[in-house]
Enquirer: 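Provided herewith is a single structure, encoded as structure tokens, for subsequent inquiry.
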Amino acid sequence: MTDAIHHLIEQYGLIAVFLGCVAEGESAALLGGFFAHQHVFVLWQSFLAAAIGAFVGDTFFFILGRSFADHPFVVKLRGRPGFSHAYRLVSTHPDIFVLSNRFIYGLRLAGGIAAGLSGIAVRRFVILNVISSIVWAGLFTTIGYVFGLGAERIIGQALARHERLLIALAIGLGVTVLAWFIAHTIAKKERSKER
């Protein structure tokens, strides 16, 4: 069973890192770095998959906001908690917002739509988004790689394949739970401010 899972990760793991980073993505980037440490992927490939996924995701939501402002999906996203805050930020500090939006869990999707609805030029957004995606991918794949070093020191040099998978799943689950908790807390504060 673990050999089949390991084979799937080797074959499709970088695609999963890319797709995971298109959306929220921290877990996917961390796992990409972790598996790079375990020699399942090459580190630069994990970094590249995470950076391209981050860029594509943010650009996609920017285009949605810019070109499809009246689409029901975009209108629904505009009603999400945090959207008004994101729109205020991108309107007052567009460069800082685009550079930092990917780092703010739970606001990324609404932030991309807000950037698209704002007056920021497309070329400016793309350049800032490239910089943000590269820094973000470098940070989170490196953290995942360091988790791999820490796990190796705790468990020993000879991590078995199933132990690698369990550690990776634990890291992914832990990051997901922490990110959900932070996003939930931020959304709760935002709702109380809007009342």
Side-chain angles (χ1 to χ4, degrees), residues 17-33 43-44 46-69 73-74 76-147 171-172 174-194:
V17 169
F18 166 79
L19 292 174
C21 292
V22 166
E24 297 294 341
E26 283 87 359
S27 304
L30 286 168
L31 290 174
L43 184 58
W44 71 265
S46 293
F47 163 76
L48 195 59
I52 293 171
F55 175 79
V56 167
D58 289 349
T59 303
F60 173 74
F61 291 112
F62 176 82
I63 291 169
L64 275 180
R66 182 61 51 103
S67 302
F68 301 98
F73 177 71
V74 175
K76 181 181 176 187
L77 288 176
R78 289 166 63 179
R80 286 181 74 177
F83 179 82
S84 59
H85 181 64
Y87 190 73
R88 271 193 314 272
L89 286 174
V90 75
S91 296
T92 56
H93 307 288
D95 294 347
I96 293 170
F97 181 81
V98 174
L99 288 171
S100 64
N101 182 54
R102 178 143 275 279
F103 294 88
I104 306 169
Y105 188 86
L107 203 66
R108 188 171 310 138
L109 198 129
I113 298 289
L117 293 170
S118 74
I120 190 168
V122 174
R123 181 178 176 177
R124 185 173 169 191
F125 174 84
V126 168
I127 291 169
L128 293 170
N129 190 27
V130 165
I131 294 166
S132 176
S133 298
I134 289 170
V135 170
W136 179 87
L139 176 68
F140 282 98
T141 55
T142 300
I143 290 171
Y145 192 86
V146 170
F147 272 134
I171 290 169
V175 169
T176 302
V177 168
L178 179 64
W180 175 87
F181 178 75
I182 291 169
H184 182 71
T185 303
I186 291 170
K188 194 174 183 181
K189 287 180 183 178
E190 188 66 28
R191 281 192 296 265
S192 66
K193 284 181 186 177
E194 290 177 355

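Worth saying up front: this structure is predicted, and the values here are computed from it rather than measured.
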Enquirer: Is there a donor-acceptor pair closer than 3.5 Å between any side-chain N or O of R78 and the backbone N or O of I113?
Expert: no

Enquirer: Any chance CZ of F103 has more than 12 other-residue heavy atoms, nucleotides or ligands included, within less than 6.0 Å?
Expert: yes

Enquirer: Which atom names give the shortest non-hydrogen contact between A115 and I120, and what distance separates them?
Expert: O-CG2, 3.5 Å

Enquirer: Over all heavy atoms of both residues, which pair between A54 and S133 is shortest? Give the atoms and the distance, please.
Expert: C-OG, 3.6 Å

Enquirer: Would you compute the distance between atom CG of L128 and atom CG of L99 and round it to the nearest 0.5 angstrom?
Expert: 4.5 Å

Enquirer: What I'd like to find out is whether the side chain of L64 reaches to under 4.5 Å of the side chain of F73, using heavy atoms alone.
Expert: yes

Enquirer: Show me the pairs that pass salt bridge (charged side-chain N to carboxylate O under 4.0 Å, His left out) and involve residues 136-146, at least two apart or across chains.
Expert: none

Enquirer: Any idea which heavy atoms bring A69 and G65 closest together, and the distance?
Expert: CB-O, 3.8 Å

Enquirer: Indicate the atoms forming the closest heavy-atom contact of G116 with R66, along with that distance.
Expert: O-NE, 2.8 Å

Enquirer: Can you tell me how the ring of F140 sits relative to the ring of W136, calling it parallel under 30°, perpendicular over 60° and tilted otherwise?
Expert: tilted

Enquirer: I need the minimum non-hydrogen distance between A50 and A29, along with the two atoms involved.
Expert: CB-CB, 4.1 Å

Enquirer: When rounded to the nearest 0.5 angstrom, what is the spacing between CD1 in I96 and CG in L89?
Expert: 9.5 Å

Enquirer: Distance from D95 atom CG to S100 atom OG, nearest 0.5 Å?
Expert: 10.5 Å

Enquirer: Give me the atom names and distance for the closest heavy-atom approach of A28 to G20.
Expert: CB-CA, 3.7 Å

Enquirer: Between CZ of F18 and CZ of F55, what distance do you get to the nearest 0.5 Å?
Expert: 11.0 Å

Enquirer: Mark yes or no for whether T141, through its side chain, and F47, through its backbone, hold a donor-acceptor pair below 3.5 Å.
Expert: no

Enquirer: Stepwise, does the side chain to side chain contact (heavy atoms under 4.5 Å, CB included) test hold for V98 with F62?
Expert: CA-CA 10 Å; V98 174; F62 176 82; over 6 Å; no

Enquirer: With side-chain hydrogen bond (donor to acceptor under 3.5 Å, both in side chains) as the criterion, how do N129 and T59 come out once you've worked through the C-alpha distance, each side chain's angles and the decisive distance to 0.1 Å?
Expert: CA-CA 8 Å; N129 190 27; T59 303; 2.9 Å; yes

Enquirer: Starting at CG of N101, measure out to CZ of F61 and round the result to the nearest 0.5 Å.
Expert: 11.0 Å

Enquirer: The test is side chain to side chain contact (heavy atoms under 4.5 Å, CB included); show your working for L43 and Y145 and say whether it passes.
Expert: CA-CA 8 Å; L43 184 58; Y145 192 86; 3.9 Å; yes

Enquirer: What distance do R102 atom CZ and F97 atom CZ have between them, rounded to the nearest 0.5 Å?
Expert: 12.0 Å

